[in-house]
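Written out below as C-alpha cells is the structure these notes cover.
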Amino acid sequence: MPHRTGLSDTLLIFKEHLLFTGGYENLADTVAQIKNRQKERKIVVEGHSEAQALAIVHAGADAVQVDKMTPEAFAACAHACRQVNPEVCMIAAGGINGANAAEYARAGADVLVSSWIYFAPPADVKAQIVP
C-alpha cells in the first residue's frame, strides 16, 4: 500500500528544510518544537548517511528516511539506529524497485518508498459483454 496518501499524513523534513532551522546540529530543538505543536503527527526526517540517520534518531524523530543507500549499507544503518531507539521506523527510499524491494525489506526497512509500482506494464484485460 502507498506509504503516504497525502502531504498531511506525516511531517517529512528534508535536508533542504534544515537549512532554515540550523541543520542537523539543531535538529533536536526543531523536532521538539514540532512535536509540541503537532502532537498527533509522526515526524520523519530524511538522511543521506549513517551519521545523519543517527543524528535524526538522537533528535527524537519517529522515523528515519534514508535515501539512496545500498541494501547492505541500509542494514548497517538500521542496526545502528535501532541500538539508539529500537522503536524507530526505518524507511528506505531512492532506487527501490521490484528487483530489489525484498533486499531492502530483509535489510530492516519498515517502509519502502518507491514510485515503481505506478509504472508497471499494462495488463492484458479482456472484457466480454453477454446478454
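Start at 1 with the first residue, then count along the sequence.
- Between L27 and A55 the shortest heavy-atom distance is CD2-O, 4.3 Å.
- The CD1 atom of I56 sits 12.0 Å away from atom CD1 of I43, with the distance rounded to the nearest 0.5 Å.
- The number of heavy-atom neighbours closer than 6.0 Å to NE2 of H48, taken from other residues, nucleotides and ligands shown, is above 12.
- Closest of all the heavy-atom pairs between A92 and A109 is CB-CB, 4.0 Å.
- With rounding to the nearest 0.5 angstrom, the CD atom of Q38 is 11.5 Å from the OG1 atom of T10.
- Side-chain atoms of V64 and C89, non-hydrogen and from C-beta on, never get closer than 4.5 Å to each other.
- Contact detail for A80 and E50: the closest heavy-atom pair is CB-OE2, 3.5 Å.
- In this structure, the separation between CG on L112 and CE on M90 is 12.0 Å, given to the nearest 0.5 Å.
- Separating the OH atom in Y104 from the OG atom in S114 is a distance of 10.5 Å, to the nearest 0.5 Å.
- Taking a 6.0 Å sphere around CD of E87, one finds it holds 12 or fewer heavy atoms contributed by other residues, nucleotides or ligands.
- Here the side chains of F74 and E103 are not in contact, with every heavy-atom distance at 4.5 Å or above.
- Here the closest non-hydrogen pair linking V88 and A61 is CG2-O, 4.2 Å.
- Remark: I96 CD1 to D67 CG distance equals 9.0 Å, nearest 0.5 Å.
- For the salt bridge (charged side-chain N to carboxylate O under 4.0 Å, His left out) with D62, the lone residue among K39, R41, K35 that qualifies is K35.
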- Between I13 and T21, does a side-chain contact (heavy atoms from CB on, under 4.5 Å) hold up when you go through it step by step? CA-CA 11 Å; I13 302 170; T21 63; over 6 Å; no
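- When atom types are taken as modelled, the side chain of N100 and the backbone of N97 share a donor-acceptor pair closer than 3.5 angstrom.
- One distance of note links CG of L11 with CZ of R37; it measures 11.5 Å at 0.5 Å rounding.
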